Amino acid sequence: MTTCFLFAQYLDEEQCLCLCLDEKARVEAPLLLRPLHEIRALQLNAKTVVVLSAEHCSFQKVALPWLSEGKARAAIPYALEDQLAQNVATLHFAFDRQHYRKNEYLVAVIDKTFLVDLMNRLNRLELNFDTITVDWFALKEKEICITDTGLLMNTRDFNGALSGEVGESFLKNVEDKSTLYWFNDSFPALKIPSSKVIHNFSSVWIAERLLLNNPMNLCQGELRHGNRQE
């Protein structure tokens, strides 16, 4: 089945950055800024994944035994309360069984209003979607992706996105064993000799990885897509 990837940071009232891959991650529709009517046509026989930039999320680990969903949704916000600057009542917490390891939940934390507004915007623009996820889930442990805006990181020291200038400073102290990926559109100032060069755009690589990695869906709990509470 075809999967259509929409990159939300490039979404406006008229167009969005879009890519379609088949089940083996082969390109069916190349990465382009497409008008919305063309995207709707591509979606007709495809699954749609909306990809958020990790700059909108934080990734936290919570040491708890595996709980029922209701109990986990009650416990996790308060377990993280002291680590978050924002009131937990204004945040959305996403987690799943696949990312639960060594008696720890991996929790993606995002501003609830931001996510609700995005879901409503997609609905208003008549862009169907099955999943909203984060580009960070394309990474394996100890991997760093150098994108067009900065760093996307899954390391011992940091998980998430860093802007170009901050990322340049961070790279000077990065773990020696981390793999750095450099792309055709990577932020120029961040290239270092140890980078592994990928002759493609970072968004294409991210989409290919997301297709194979079964990333976390943020649309869960009270924000489950299609739920009346949406």
Side-chain angles (χ1 to χ4, degrees), residues 5-12 15-19 31 33 49-61 77 80 83-88 90-95 99 106-122 127 129 131-174 178-191 195 198 201-210 213 215-220 223:
F5 291 89
L6 304 182
F7 293 87
Q9 68 196 89
Y10 301 100
L11 173 66
D12 61 28
Q15 61 184 2
C16 187
L17 188 65
C18 172
L19 166 73
L31 184 72
L33 272 171
V49 176
V50 178
V51 183
L52 284 179
S53 168
E55 67 185 34
H56 298 293
C57 278
S58 68
F59 302 92
Q60 309 287 338
K61 290 187 177 180
L80 291 173
Q83 301 175 44
L84 302 170
Q86 197 170 332
N87 188 314
V88 294
T90 67
L91 297 170
H92 176 64
F93 299 83
F95 52 88
H99 294 89
L106 174 64
V107 184
V109 185
I110 187 169
D111 183 87
K112 188 183 296 184
T113 299
F114 173 84
L115 183 57
V116 169
D117 286 348
L118 174 62
M119 295 172 74
N120 288 338
R121 189 179 179 193
L122 290 163
L127 293 174
F129 62 97
T131 300
I132 297 178
T133 191
V134 186
D135 54 10
W136 182 84
F137 289 103
L139 299 179
K140 299 175 183 176
E141 291 184 359
K142 298 183 179 180
E143 286 189 332
I144 300 173
C145 173
I146 305 171
T147 68
D148 56 342
T149 57
L151 299 180
L152 190 60
M153 305 180 63
N154 183 349
T155 69
R156 181 183 59 199
D157 299 321
F158 183 77
N159 288 305
L162 293 175
S163 63
E165 292 182 1
V166 178
E168 188 174 0
S169 175
F170 193 93
L171 276 181
K172 296 176 182 178
N173 302 302
V174 74
S178 294
T179 302
L180 283 76
Y181 294 98
W182 172 267
F183 303 91
N184 294 351
D185 58 340
S186 292
F187 194 80
L190 296 178
K191 189 170 187 179
S195 300
I198 305 292
F201 292 102
S202 57
S203 295
V204 176
W205 183 87
I206 286 168
E208 291 171 347
R209 281 288 196 89
L210 290 174
N213 285 5
M216 186 183 294
N217 183 8
L218 300 185
C219 299
Q220 53 179 263
L223 298 187

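Since we're looking at a predicted model, the values are computed, not measured.
Taken to the nearest 0.5 Å, the OG1 atom of T131 stands 11.5 Å off from the CG atom of L6. Taking CE of M153 as the start and CD1 of I146 as the end, the distance is 9.5 Å to the nearest 0.5 Å. Remark: D12 CG to L17 CG distance equals 11.0 Å, nearest 0.5 Å. One finds the SG atom of C145 at 11.5 Å from the CG atom of N154 (value rounded to the nearest 0.5 Å). For the atom pair CG of L52 and CG of L218, the computed distance is 6.0 Å after rounding to the nearest 0.5 Å. In this structure, CG in L180 is found 10.0 Å from OG in S186, a value given to the nearest 0.5 Å.
D148 places none of its side-chain heavy atoms less than 4.5 Å from the side chain of F201. Side-chain contact between F158 and L151 is absent, with no heavy-atom pair separated by less than 4.5 Å. Counting only heavy atoms from C-beta outward, the side chains of H92 and V116 never approach each other to under 4.5 Å.
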- [ ] Show the numbers, then the answer: is there a side chain to side chain contact (heavy atoms under 4.5 Å, CB included) between V50 and L127?
- [x] CA-CA 10 Å; V50 178; L127 293 174; over 6 Å; no
request  = List the steps, then state whether side chain to side chain contact (heavy atoms under 4.5 Å, CB included) holds for F5 with I206.
outcome  = CA-CA 10 Å; F5 291 89; I206 286 168; over 6 Å; no
- Query: After noting the C-alpha distance and the side-chain angles of Q220 and F95, does the key distance pass the side chain to side chain contact (heavy atoms under 4.5 Å, CB included) rule?
  - Reply: CA-CA 8 Å; Q220 53 179 263; F95 52 88; 4.2 Å; yes
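Under the rule for a side-chain contact (heavy atoms from CB on, under 4.5 Å), the partners of L84 that lie at least two apart in sequence or sit in another chain are S58, Q60, L80, V88, L91, F93, V109. F183 pairs by the ring pair (Phe, Tyr, Trp, His ring centres under 6.0 Å) definition with W205, not counting sequence neighbours. Applying the side-chain contact (heavy atoms from CB on, under 4.5 Å) test to S163 and every residue at least two apart in sequence or in another chain returns V166. Every residue was checked against the side-chain hydrogen bond (donor to acceptor under 3.5 Å, both in side chains) condition with T133, not counting sequence neighbours, and none meets it. Shown here are the ring pair (Phe, Tyr, Trp, His ring centres under 6.0 Å) partners of F114, two or more places apart in sequence or in another chain: H56. Residues satisfying the ring pair (Phe, Tyr, Trp, His ring centres under 6.0 Å) test with F137, not counting sequence neighbours, are F59, H99.
Smallest separation of non-hydrogen atoms from S203 and L19: O-CD2, 4.4 Å. When all heavy atoms of A138 and N213 are compared, the pair lying nearest together is O-ND2, 3.4 Å. For R209 against Y181, the heavy-atom pair with the smallest separation is NH2-OH, 3.5 Å. Of all non-hydrogen atoms in L11 and R121, the two that sit nearest each other are O-NH2, 3.0 Å. Annotation for F129 and C219: closest pair CE1-SG, 4.1 Å, computed over non-hydrogen atoms. Of all heavy-atom pairs between Q86 and T90, the closest is NE2-OG1, 2.8 Å.
A 6.0 Å sphere centred on CD of E141 holds no more than 12 heavy atoms belonging to other residues, nucleotides or ligands. Other residues, nucleotides and ligands place more than 12 heavy atoms under 6.0 Å from the CZ atom of F187.
In this structure, D111 contributes its side chain and T113 its backbone to a donor-acceptor pair below 3.5 Å. Between the side chain of W182 and the backbone N or O of I198 there is no donor-acceptor pair closer than 3.5 Å. For the pair D135 (side chain) and V51 (backbone), a donor-acceptor distance under 3.5 Å is absent.
The only option from T179, L190, T155 that meets the side chain to side chain contact (heavy atoms under 4.5 Å, CB included) definition with I144 turns out to be T155.
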